[in-house]
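What follows is a set of notes on a single structure, which appears directly below.
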Amino acid sequence: MLKGFGSRLKAFFSVHSLDEDFYEELEDLLIEGDLGANLAMQISGEVRKLAKSTKPKTQKDLQLMVKSILKNKVHGYIPEISKDGVTVFLILGVNGVGKTTSIAKLASLYQKQGNKVLLAAADTFRAAAIDQLEIHAKRVGCRIVMQNNGSDPGSVVFDAITSAKAKGEDIILVDTAGRMHNKENLLRELSKIDKVIRARGIDDAHYKKFLVIDSTTGQNGISQADLFNQAVKLDALILTKYDSLAKGGALVQIGEKFNIPIAYVGTGETYADMHPFDEDEFLDSLVGLDEK
Ligand code: GDP
Ligand code: GDP
Ligand code: MG
């Protein structure tokens, strides 16, 4: 994981004395690692300040120092699932990031934890999306609420909430479209779903909005977080394809810029490949501390 950047940072720390060049090169390296110019400058500045007082001697001292600086920019998130009343998870993200797969994994996980789970097929933009979710529902063994291709996603969600309340289900996982004819349509559709959920009496404690991001996308993840955060206020991220994570720096930027924590990471294609985000493991890997 993060092989490139972590090992480069580690190698850089092993050969440098802390002169003026060091801070400039550190900044360049952080930018190459997808942390962005502003954050790179900020981190390099903090290292400069800390180095004066703590006088790091070894490569490891420097790795730990950068980790401690990044620690307050990246956070985990554990969703609380209320035992009274249904909790709605709205799963958002652009096409192909892994929304539908993540929903199947979460359904499997939450069922194992003893919850009754319902899927809502609110990606009505593509017929294949509804079929795909239905196959997952059968495999995982949970119910699904769906309507015809092209129907109003708000209406699917309305039906799902009504149905889950009637059956006493604990969790609804809502699949959504990742693309519309244009951005405005997508934002309007998602805002409408959000409105329907609230209008059906789902309060903040029973409502989680997760953005799915492909771990390998880098800078694009930042504009995606920005876009979806405009439509609904995001609670947390799900990082898919974490098994091939190569662009960790961009995730730090998302944490810093939008103050969005990370709930889960997807590490493969089976239902068991979904895990709570481990902040320490992520940061160790980012600064190369996981390498022997
Ligand atoms: P959606 O368009 O956002 O609903 O994306 P899908 O759930 O259909 O997934 C798109 C592709 O990514 C599929 O081929 C999935 O098998 C794959 N995928 C999704 N999550 C993961 C993951 O965590 N790891 C890996 N390796 N592949 C994933
Ligand atoms: P609006 O504020 O005038 O759009 O009305 P609502 O907030 O009551 O409804 C918003 C959306 O919820 C509608 O466009 C429908 O998709 C859905 N909706 C409202 N009432 C019903 C209903 O009785 N059945 C179903 N299936 N959907 C409904
Ligand atoms: Mg999908």
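For ligands, and for the atoms within them, numbers begin at 1 and follow the listed sequence. Source: prediction; values computed, not measured.
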In terms of hydrophobic clusters joined by side-chain contacts under 4.5 Å, are [X] and [Y] together?
X: Leu70; Y: Met41; value: no
X: Ile31; Y: Leu9; value: no
X: Ile260; Y: Val94; value: yes
X: Phe277; Y: Ile254; value: yes

**Request:** Pick out which of Leu39, Leu35, Leu251 makes a side-chain contact (heavy atoms from CB on, under 4.5 Å) with Lys73.
**Result:**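 Of Leu39, Leu35, Leu251, side-chain contact (heavy atoms from CB on, under 4.5 Å) with Lys73 is met by Leu39 alone.
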**Prompt:** Who passes side chain to side chain donor-acceptor pair (under 3.5 Å) against Asp235, sequence neighbours left out?
**Reply:**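 Side chain to side chain donor-acceptor pair (under 3.5 Å) list for Asp235, sorted by chain: empty.
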**Message:** When you measure from the side chain of His136 to the backbone of Lys105, do you find a donor-acceptor pair of N or O atoms at a distance under 3.5 Å?
**Reply:**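 No; zero donor-acceptor contacts below 3.5 Å.
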**Check: Asp170 side chain, Lys116 main-chain N or O, donor-acceptor pair, under 3.5 Å** =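 Answer holds: yes.
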Compute the shortest N/O to N/O distance between [X] and ligand 1 and return yes if it is under 3.5 Å, no if not.
X: Asp175; answer: no
X: Lys105; answer: yes
X: Lys99; answer: yes
X: Tyr242; answer: no

I need the atoms of ligand 1 closer than 4.0 Å to a non-hydrogen atom of [X], numbered in the order shown.
X: Thr100; value: 4 (O), 7 (O)
X: Gly266; value: 23 (O)
X: Glu269; value: 15 (C), 16 (O), 27 (N)
X: Gln132; value: 8 (O)
X: Thr267; value: 23 (O)

**Asked** Among Lys241, Met274, Arg126, which residue places a heavy atom closest to atom 28 (C) of ligand 1?
**Response**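 When every heavy atom of Lys241, Met274, Arg126 is considered, Lys241 comes closest to atom 28 (C) of ligand 1.
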**Item:** Ile91, Val97, Thr101: member with heavy atom nearest to atom 13 (C) of ligand 1
**Value:**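 Among Ile91, Val97, Thr101, the closest heavy atom to atom 13 (C) of ligand 1 comes from Thr101.
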**Asked** Does atom CG of Asn95 have more than 12 heavy-atom neighbours, drawn from other residues, nucleotides or ligands, at distances under 6.0 Å?
**Response**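 Result for CG/Asn95: enclosed.
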**Request:** Return yes when Gly93 approaches ligand 1 closer than 4.0 angstrom through a heavy atom, no otherwise.
**Result:**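 Gly93: no contact with ligand 1 (<4.0 Å).
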**Asked** Is Gly96 in contact with ligand 1, taking contact as a heavy-atom separation below 4.0 Å?
**Response**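 Yes, that is the case, since the closest heavy atom of the residue is under 4.0 Å from the ligand.
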**Prompt:** What protein N/O/S atoms sit under 2.8 Å from the Mg ion (ligand 3), by chain and number?
**Reply:**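 Listed by chain and number, the atoms are Thr100 OG1.
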**Asked** What class does the angle between the rings of Phe210 and Tyr77 fall in, given that below 30° is parallel, 30 to 60° is tilted and above 60° is perpendicular?
**Response**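 Phe210 and Tyr77: perpendicular rings.
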**Asked** Is there a donor-acceptor contact under 3.5 Å linking the side chains of Thr162 and Asp159?
**Response**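 Short answer, no.
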**Message:** If you compare all heavy atoms of Lys99 against all heavy atoms of Ala177, which two are closest, and at what distance to 0.1 Å?
**Reply:**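 Lys99 and Ala177 have their closest heavy atoms at CE-C, 4.5 Å.
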